[in-house]
Amino acid sequence: MLDIELIRREPERVREALRLRQDDPALVDEVLALDERRRTLLRRVEALRAERNRVSREIGRMKDKAAREEKIAAMREVGKQIADLEKALREVEAAFRDKLLWLPNIPHESTPVGADERDNVVVRAWGERRDFAAEGFEPAPHWDLGPELDILDFERGVKLAGSRFYILKGAGARLQRALIFWMLDRHTREHGYTEIYPPFVVHKEMLVGAGQLPKFADNLYHDVEEDLWLLPTAEVALTNLHRDEILDESMLPLSYVAYTPCFRREKMSAGRDVRGIKRGHQFDKVEMYKFTRPEESYEALETMVGHAEALLQALKLPYRIVAICTGDLGFASAKTYDIELWAPGQGEWLEVSSLSNVESFQARRANIRYRPSGGGKPRYVHTLNGSGLALPRLMIAIMENYQQADGSILVPEVLQPWMGGIEVIRR
RNA sequence: GGAGGGAUGGCCGAGCGGACGAAGGCGACGGUCUUGAAAACCGUUGUGGCCGAAAGGUCACCGAGGGUUCGAAUCCCUCUCCCUCCGCCA
């Protein structure tokens, strides 16, 4: 959510932000019009309430019966007016808040300007892509390797839950578990994160707080009976950990990491990436999350990118870091880096991590503030989120990059302690 | 799922229709005193909105949402959460 004062003060800046995102800037003017109506009504209601409060206090002290009745009758009228205005105000306020929730974040000045993903900028790359031609064989895609090795079963996944569901089996399931354990260990022991195990379902308000609702309702699963919503990412739970709290500045920065499954309906991606495990309705992810002071959030973003990179370097997987341009930027984000891995089998770059500084966008929605050490008014924190890392795509990259000519897959060295002695996955 | 009890400021806790944004205590902060500290004493100590250049004014918030009333922390209704007992269950 954006600061309404900023929108009032610099509407053109907000309109420009929407244009940069390829969104319609008219939303800004709708918000401003509602804000104006809201304040007009507020002033009128409050003036009447002030009068009622004043006269009611008088009535309490009055002895003269007739004069008293007269005042009560007058206030009864005022009460009716107040009730009418309050109803109008409630409606305008609801509309105002709703509109405000549809406004995306303002891109940071360092976010590259561009229309769509073609304008994203590769900021650096690490590692050498393996030369399969020199080794004399064609790398196979994971959707062939997995079933061949009996570690991946698409048919039975579909049988249980429909398309876009799959089963990991044997060494495949174990490899994913090894990755989760190993990543959590690195983040908690070396990168200073506190591990969190959250509920996998949350109240609707948590999704509003994190920015998924109202705009992305299509992509979420929810339980109608209890109105509980399945996490599309652990970010939703982590954002709301400190909802409605005023933190001490000395507590900041707070760094959390959580492993959770993530659930997405993928309605909007129907027909895209249907092969393999790249885009499922359910996937696992280890998520990093930080609450920082505003002054240090951009530094924290770079640090967090480093934490994700450290994992890929340890896994010896070649990757590149991409700065997402304004036209491709996520709704809540001011600045985002994606980390992409090369998948030689299916021949494409895979996004295994998306790391964003959303500044105070989520903090405003979820009301997360901190008290400056020197005293003074509470201020909104900045929050950052980043995958560290997403499992299916990491699995794809490992399977396809570590495959051998005979169809077996080597287990990356750092994972071997977690694999119970398995060094090579073979039939 | 059934029966009963509860939810008040950073914490504890009073208030149960009229000057209550809320007694009292604790904690925290500032001051007096002291070589320093403690004790004692004095003072300060919530959040948000609206109007205003500011000073200040005003509104709202006593779990949440409705309602009754001239007036609600206090009365009524609905919901949520917590506690105790019973039932059921990984």
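Proteins come first, then strands; the chains are lettered A, B, ... in the order of their sequence lines, and each starts at number 1. Worth saying up front: this structure is predicted, and the values here are computed from it rather than measured.
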Tell me the partner of B:G56, counting only Watson-Crick (N1-N3 plus N6-O4 or O6-N4) or G-U wobble (N1-O2 and O6-N3) with both under 3.5 Å; none if nothing fits.
B:C51
For residues 227-236 of chain A, which side-chain donor-acceptor pairs fall under 3.5 Å, sequence neighbours excluded?
from     : atom 1 : to       : atom 2 : distance (Å)
A:Asp227 : OD1    : A:Trp229 : NE1    : 3.0
A:Thr233 : OG1    : A:Glu235 : N      : 3.0
A:Thr233 : OG1    : A:Lys285 : NZ     : 2.8
A:Glu235 : OE2    : A:Gln362 : NE2    : 2.7
A:Glu235 : OE2    : A:Asn385 : ND2    : 3.4

If you measure from the C1' atom in B:G9 to the same atom in B:G66, how many Å do you get, rounded?
25 Å
Without decimals, in angstroms, what is the distance between A:Ile82 CD1 and B:G67 P?
13 Å
Can we say A:Arg15 and A:Asp29 salt-bridge, meaning some charged N sits less than 4.0 Å from an Asp/Glu carboxylate O?
yes
For A:Thr239 and A:Tyr289, test the side chains for any donor-to-acceptor distance below 3.5 angstrom and give the result as yes or no.
yes
In A:Glu249, A:Glu359, A:Glu299, the residue satisfying salt bridge (Lys or Arg N to Asp or Glu O under 4.0 Å) with A:Arg293 is A:Glu249
Hunt down the Watson-Crick or G-U wobble partner of B:A40, both distances under 3.5 Å, from any strand shown, or write none.
B:U32
What is the distance from CZ of A:Arg43 to P of B:A60, rounded to the nearest Å?
17 Å
Expressed as a whole number of angstroms, how long is the span from A:Glu86:CD to B:G49:C1'?
14 Å
Sequence neighbours left out, cut at 3.5 Å: what donor-acceptor pairs do the side chains of residues 191-212 of chain A make with other protein atoms?
from     : atom 1 : to       : atom 2 : distance (Å)
A:His191 : ND1    : A:His187 : ND1    : 3.1
A:Tyr193 : OH     : A:His307 : ND1    : 2.8

Take atom P in B:C79 and the same atom in B:C11, then report the distance between them in whole Å.
28 Å
Between atom CZ in A:Phe96 and atom C1' in B:G49, what is the gap in whole Å?
11 Å
For the pair made of NZ in A:Lys80 and P in B:U68, what is the distance, rounded to whole Å?
12 Å
Span that lies between the P atom of B:C77 and that of B:A3, in whole angstrom:
16 Å
Using nucleotides 75-83 of chain B, report all nitrogen or oxygen pairs with the protein that are shorter than 3.5 Å.
none

Between A:Tyr370 and A:Arg379, is there a side-chain donor-acceptor contact under 3.5 Å, judged purely by atom types and distance?
yes
Pair assignment for B:G46, Watson-Crick or G-U wobble, requiring both distances under 3.5 Å:
B:C61
B:A7 and B:G57: how far apart are their P atoms, nearest whole angstrom?
34 Å
Do the ring centers of A:His242 and A:Phe291 come within less than 6.0 Å of each other?
yes
RNA chain B: 5'-proximal contact among A:Glu51 and A:Glu5 (nearest heavy atom):
A:Glu5
Assign A:Arg8 to base, sugar-phosphate, or nothing according to its heavy-atom contacts below 4.0 angstrom with the strands shown.
sugar-phosphate
Is it true that A:His281 and A:Glu266 share a donor-acceptor pair across their side chains at a distance under 3.5 Å?
no
Output side-chain donor-acceptor pairs under 3.5 Å for residues 410-427 of chain A, partner residues at least two apart or in another chain, one line each.
from     : atom 1 : to       : atom 2 : distance (Å)
A:Gln416 : NE2    : A:Val411 : O      : 2.9
A:Arg427 : NH1    : A:Glu148 : O      : 2.7

Write down the partner of B:U84 under the Watson-Crick or G-U wobble criteria, each distance required to be under 3.5 Å.
B:A3
Looking only at atom P, what distance separates B:U84 and B:C29, rounded to whole Å?
36 Å
For atom C1', what is the distance between B:G46 and B:U35, given to the nearest Å?
39 Å
Taking a pair to mean Watson-Crick or G-U wobble geometry with both distances below 3.5 Å, B:U69 pairs with none
Give one of base, sugar-phosphate or nothing for A:Arg44, where a contact means two heavy atoms less than 4.0 Å apart.
nothing
Rounding to an integer number of Å, can you tell me how far A:Leu48 CG sits from B:C51 C1'?
15 Å
Could you pick out which residue, A:Arg49 or A:Leu42, lies toward the 5' side of RNA chain B when each is mapped onto its nearest nucleotide?
A:Leu42
Distance check, C1' atoms only: B:A90 and B:G4, in whole angstrom units.
28 Å
Between the side chains of A:Ser110 and A:Lys335, is a donor N or O closer than 3.5 angstrom to an acceptor N or O?
yes
Please tell me whether A:Asp284 and A:Tyr259 have a donor and an acceptor in their side chains that are separated by less than 3.5 angstrom.
yes
Mind listing the N/O atom pairs, protein and nucleotides 70-74 of chain B, below 3.5 Å?
from  : atom 1 : to      : atom 2 : distance (Å)
B:C70 : OP1    : A:Arg76 : NH2    : 3.4
B:C70 : O4'    : A:Ile72 : O      : 3.4
B:C70 : O2'    : A:Ser56 : OG     : 2.9
B:G71 : OP1    : A:Arg52 : NH1    : 3.3
B:G71 : O4'    : A:Ser56 : OG     : 3.1

Any Lys/Arg nitrogen of A:Asp273 or A:Lys278 sitting under 4.0 Å from an Asp/Glu carboxylate oxygen of the other?
yes
Nucleotide N/O to protein N/O under 3.5 Å, stretch nucleotides 44-48 of chain B:
from  : atom 1 : to       : atom 2 : distance (Å)
B:U47 : OP1    : A:Arg371 : NH1    : 2.6
B:U47 : OP1    : A:Arg371 : NH2    : 3.1
B:U47 : O3'    : A:Arg369 : NH1    : 2.9
B:G48 : OP1    : A:Arg369 : NH1    : 2.9
B:G48 : OP2    : A:Lys377 : NZ     : 3.4

Assess the pair A:His108 and A:Tyr298: is the distance between their ring centroids shorter than 6.0 Å?
yes
Between CD of A:Glu36 and C1' of B:C50 the distance, given in whole Å, is 12 Å
How long is the line joining CG of A:Leu100 and C1' of B:G49, in whole Å?
14 Å
Given the C1' atoms of B:A64 and B:G6, what is the spacing between them in whole Å?
16 Å
Mark yes when over 12 heavy atoms from residues, nucleotides or ligands other than A:Arg49 sit less than 6.0 Å from its CZ; otherwise mark no.
yes
